[in-house]
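Contents: one structure, followed by commentary.
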Amino acid sequence: MPSRQLDDDDIRFLSHHLRGVRQARLRFLNATPTYELALVEALLAMGVSVTTEKLGAVAPYPRRRFGIRYKDGQAILTVAPDAALMG
């Protein structure tokens, strides 16, 4: 299975949902280092500071590529690159 690349639809989705956010915590599920780096660079270009972590697994597995939760002025994103982009 080829690895997923960050695309324009992903960038549009993130720029819309992270408007006004200055800090984000990215939690990656099954992402390649290339995808992780591309996502971090995109968020930094949007003016969002980023911390990252890798998750071994979650149950149930996300149906959305980006699950976003907002807490204390920060966005917490669970990123499943192989899931569908919804929203």
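As the structure is a prediction and not an experimental result, all values here were calculated from the model.
Side-chain contact between N30 and Y61: present, with at least one pair of heavy atoms (C-beta onward) separated by less than 4.5 Å. I76 is not listed as a side-chain neighbour of L26, based on a closest heavy-atom distance of 4.5 Å or more. Side-chain contact between L14 and L39: present, with at least one pair of heavy atoms (C-beta onward) separated by less than 4.5 Å.
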- Message: Does L37 form a side-chain contact (heavy atoms from CB on, under 4.5 Å) with T32? I'd like the steps, not just the answer.
- Response: CA-CA 9 Å; L37 180 61; T32 64; over 6 Å; no
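L85 and V79 fall within the same hydrophobic cluster, where Ile, Leu, Val, Met, Phe, Trp and Tyr residues are linked whenever their side-chain heavy atoms come under 4.5 Å apart, directly or through other members. Cluster membership check: V21 shares its hydrophobic cluster with L6, using side-chain heavy-atom separations under 4.5 Å among Ile, Leu, Val, Met, Phe, Trp and Tyr. Hydrophobic clustering (ILVMFWY, side-chain heavy atoms < 4.5 Å, transitive): F28 and I68 are in one cluster.
Listed by first and then second residue, the salt bridge (charged side-chain N to carboxylate O under 4.0 Å, His left out) pairs involving residues 64-75 are D10-R65 (not counting sequence neighbours). For residues 62-83, every residue pair satisfying the ring pair (Phe, Tyr, Trp, His ring centres under 6.0 Å) rule, not counting sequence neighbours, is listed here: F13-F66.
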Solution key, residues 40-54 side-chain donor-acceptor pairs under 3.5 Å, sequence neighbours excluded:
| residue | atom | partner | partner atom | Å |
| --- | --- | --- | --- | --- |
| S49 | OG | R22 | O | 3.2 |
| E53 | OE2 | R25 | NE | 3.1 |

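L77 and A24 make their closest contact through CD1-CB, 4.1 Å (heavy atoms, listed as atom of the first residue, atom of the second, distance). The two residues A83 and P62 have their closest heavy-atom pair at CB-O, 3.8 Å.
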